[in-house]
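Each chain gets a letter, A, B and so on, in the order its sequence line appears, and its residues count up from 1.
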There are 2 protein chains.
Amino acid sequence: MATIKDVANLAGLSRSTVSRVMNKYPYVSEEKKRLVEEAMKSLNYYPNSSAQTLRSQKTDTIAVFIPMLTNPFFSHLLEGIDTVATEKGIRLLVCQTKYEAAIEKEFFNLLKSKQVDGIILTSLENDWASVREFAEHGPIVMCNEYDASSGMPNVCLDQVYGGYIGTRHLIEKGHRKIAFCQGRFKSLVSKARESGYKLALEEFGLAAKEEYAFRIAADYQDGKEVLKQMRALSDPPTAIFTGSDQVAAGLVYEARNLGLKVPEEIAVIGFDDQPIAEVTYPQLTTIRQPAREIGRRAMLLMLSKILSEENQLEDLEPLMLELIERSST
Amino acid sequence: MATIKDVANLAGLSRSTVSRVMNKYPYVSEEKKRLVEEAMKSLNYYPNSSAQTLRSQKTDTIAVFIPMLTNPFFSHLLEGIDTVATEKGIRLLVCQTKYEAAIEKEFFNLLKSKQVDGIILTSLENDWASVREFAEHGPIVMCNEYDASSGMPNVCLDQVYGGYIGTRHLIEKGHRKIAFCQGRFKSLVSKARESGYKLALEEFGLAAKEEYAFRIAADYQDGKEVLKQMRALSDPPTAIFTGSDQVAAGLVYEARNLGLKVPEEIAVIGFDDQPIAEVTYPQLTTIRQPAREIGRRAMLLMLSKILSEENQLEDLEPLMLELIERSST
DNA sequence: TTGAAAGCGATACCAG
DNA sequence: CTGGTATCGCTTTCAA
């Protein structure tokens with residue numbers, strides 16, 4: 001591969017001048033500029049990016065940590081991030097953590113080794129305390145999840161509100177025995193939603209029963225399983241608030257499988273409003289998360305950090321969770 | 001950030017020795033080794049990767065071109081690629097082309113600028129002729145799609161067979177008027193499946209009617225639309241072979257919406273066997289593509305190229321498409 | 001077993 | 001407006 005030196009030689013000029021042409025500096029005569037461009041063309045020259053990076057200390061690359069690539073919520077989030085990134089000429093290093101702290105921890109070193117300018121987190125498996133040191137090496141922006149104590153810049157939604165409107169909707173539909181179902185226990189998003197769930201129950205004078213709480217359901221199969229467990233209870237709930245459309249879909253499927261009518265005998269509410277929510281029978285009532293837009297904003301936030309232009313990142317209207325009523329409630 | 005020089009100074013040794021320790025060279029005395037390690041620890045040192053890259057000409061990074069991140073087929077493919085990559089310490093630069101040749105073309109320059117060691121293609125929007133020059137700068141491996149004329153190493157399935165078994169299945173179910181539906185026209189995968197479709201028809205003495213061919217359907221909404229178009233035909237088909245579960249789901253939904261019975265009045269067969277196939281009502285008969293495994297193998301193939309160890313990439317059993325019969329046919 | 005020094009390919013300061 | 005040169009941080013001969 002040709003280097004800047006080859007171009008300089010062919011054009012009969014210095015490396016400095018070639019560099020100036022590449023970087024669109026002023027003060028280069030039209031003639032030399034043409035000479036350089038011709039030389040670049042005829043050598044099929046393309047600058048070596050690691051040399052540029054080493055010199056400039058900028059990678060124009062961002063790492064994105066994703067727990068599970070196949071989860072539609074995260075792929076939409078990534079899509080949003082990618083769209084802005086590509087627009088701005090930023091490359092994306094995608095790091096799948098598989099929900100494992102050790103893998104995630106390892107990826108944080110990308111910042112230390114200066115392979116990326118910053119990291120966008122879409123979840124956090126490690127304690128903030130154990131990774132805060134990395135923030136000295138570049139901006140870390142969080143989206144989806146949040147950790148108030150960390151002071152990390154973030155883009156997120158009011159998940160307490162999400163738990164609240166979902167539960168309230170079920171109550172308004174006449175339910176009194178409402179179960180709560182979520183993914184991994186440690187997630188702050190889950191905790192927030194549970195607060196909202198309890199808030200709604202309280203408001204209507206209902207008690208949260210611990211046996212109505214399922215804290216391990218993450219996918220379609222889990223949803224089926226949860227339905228079975230629910231039915232085995234001595235006083236089974238008549239409605240359930242779930243943390244994802246996958247789980248809700250599993251519940252609905254298994255309910256029908258057992259001959260239960262949805263929503264008459266068991267009402268189900270999903271979360272996310274993924275494509276799957278329109279495909280189940282009956283279609284899922286769910287709470288829409290604007291995943292793409294969260295991603296977009298996270299990337300914009302990151303840009304404002306790495307360009308450290310004090311571009312105030314124009315105040316965007318707050319992102320809201322929204323109840324989408326279909327037929328499962 | 002500390003550099004190798006700082007470490008050398010603190011340890012009272014030369015940069016060479018520090019480098020040798022980092023790279024686990026033999027011939028370093030235990031004592032100096034310990035000294036270096038202590039210095040690295042106390043300086044919280046981490047080598048600068050662009051310096052390493054510049055010097056060694058290896059990035060340990062692979063670019064993956066994906067047309068659409070939110071398409072579950074591609075996210076599973078990516079998951080497979082990622083799993084092997086992470087295992088081997090290879091980073092992934094994810095490039096979403098949005099099915100646009102211009103965007104894709106731009107990404108190819110990653111190879112020229114030496115930001116990546118190789119590229120894994122999961123589709124190809126440009127003509128091979130217009131991108132073949134890039135192959136001089138590093139290995140390009142293709143998966144999912146294929147282009148016989150290019151001679152590119154690839155991992156793919158017999159899509160003709162896919163079209164064949166799907167169509168044959170419909171014929172065996174008693175259908176004679178069978179429609180064919182696919183995504184973008186130019187895709188070779190689509191063309192191959194259509195050949196298989198025609199092959200099956202021919203085998204049973206049936207003619208392929210051009211008005212039964214729909215070549216623009218890529219998602220759920222498109223599926224709904226296709227069903228309407230089909231029904232508007234003077235002699236509507238009684239079965240349809242589709243190129244994706246999304247489209248099939250749309251068809252099934254719209255059929256039910258119009259009061260048509262599936263599969264009695266209209267049989268639908270999907271493709272991929274994505275999670276969505278179990279969620280529709282009725283559940284989709286479909287043709288399973290082992291997306292994760294395709295991804296895994298593509299990455300293994302890439303590794304064999306960049307390590308250029310003549311490690312014969314042990315002969316794996318061929319990947320096969322497989323008919324999964326559920327209730328939509 | 002260790003160190004000195006050249007060089008990977010680009011950028012930017014300082015002269016002229 | 002243009003060129004010489006030091007420099008980014010690391011690896012790898014070559015000598016000792």
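Using a 4.0 Å cut-off, no side-chain N or O of A/Ser50 falls inside it from OP1 or OP2 of C/dA10. Contact annotation: B/Lys32 reaches the phosphate of C/dT2 (side-chain N/O to OP1 or OP2, under 4.0 Å). Close to D/dT11, at under 4.0 Å from its OP1 or OP2, lies a side-chain N or O of B/Gln52. Residue A/Tyr46 places no side-chain N or O under 4.0 Å from the OP1 or OP2 atom of C/dA10.
Across every non-hydrogen atom of B/Leu10 and B/Ser42, the tightest pair is CD2-OG, 3.3 Å.
B/Gln57 and B/Gln52 form no side-chain donor-acceptor contact under 3.5 Å, judged by distance and modelled atom types alone. Counting only N and O atoms by type, the side chains of A/Asn109 and B/Tyr46 include a donor and acceptor under 3.5 Å apart. Side-chain polar atoms of B/Lys33 and B/Thr17 form no donor-acceptor pair below 3.5 angstrom. For the 3.5 Å distance criterion, the side chains of B/Glu31 and B/Ser29 fail to qualify, holding no donor opposite an acceptor.
Closest to the side chain of B/Pro47, from the set C/dT2, C/dG9, D/dC10, is D/dC10.
One finds the CZ atom of A/Phe73 at 12.0 Å from the CE atom of A/Met68 (value rounded to the nearest 0.5 Å). For the atom pair B/Gln96 CD and B/Phe74 CZ, the distance stands at 10.5 Å (nearest 0.5 Å).
Atom CD of A/Gln57 is separated from atom P of D/dC10 by 10 Å (rounded to the nearest Å). In this structure, B/Lys114 atom NZ and C/dG9 atom P are separated by 8 Å, rounded to whole Å. Atom P of nucleotide D/dT13 and atom OH of B/Tyr27 are separated by 15 Å, given to the nearest angstrom. When the P atom of D/dT12 is taken as reference, atom CE of B/Met22 falls 10 Å away, rounded to whole Å. Note: CG (B/Leu54) to C1' (C/dA10) measures 8 Å, nearest angstrom. In this structure, A/Asn48 places its CG atom 13 Å from C1' of C/dT11, rounding to the nearest Å. Here the P atom of nucleotide D/dC1 and the CZ atom of A/Arg34 are 16 Å apart, to the nearest Å. Following rounding to the nearest Å, A/Ile4 (CD1) and C/dT11 (C1') show an atom-to-atom distance of 8 Å.
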List, with names and distances, any nitrogen or oxygen atoms from the protein found under 3.5 Å away from nitrogen or oxygen atoms belonging to nucleotides 12-16 of chain C.
{"from": "C/dA12", "atom 1": "OP2", "to": "A/Tyr25", "atom 2": "OH", "distance (Å)": "3.1"}
{"from": "C/dA12", "atom 1": "N6", "to": "A/Ser16", "atom 2": "OG", "distance (Å)": "3.2"}
{"from": "C/dC13", "atom 1": "N4", "to": "A/Arg20", "atom 2": "NH2", "distance (Å)": "3.4"}

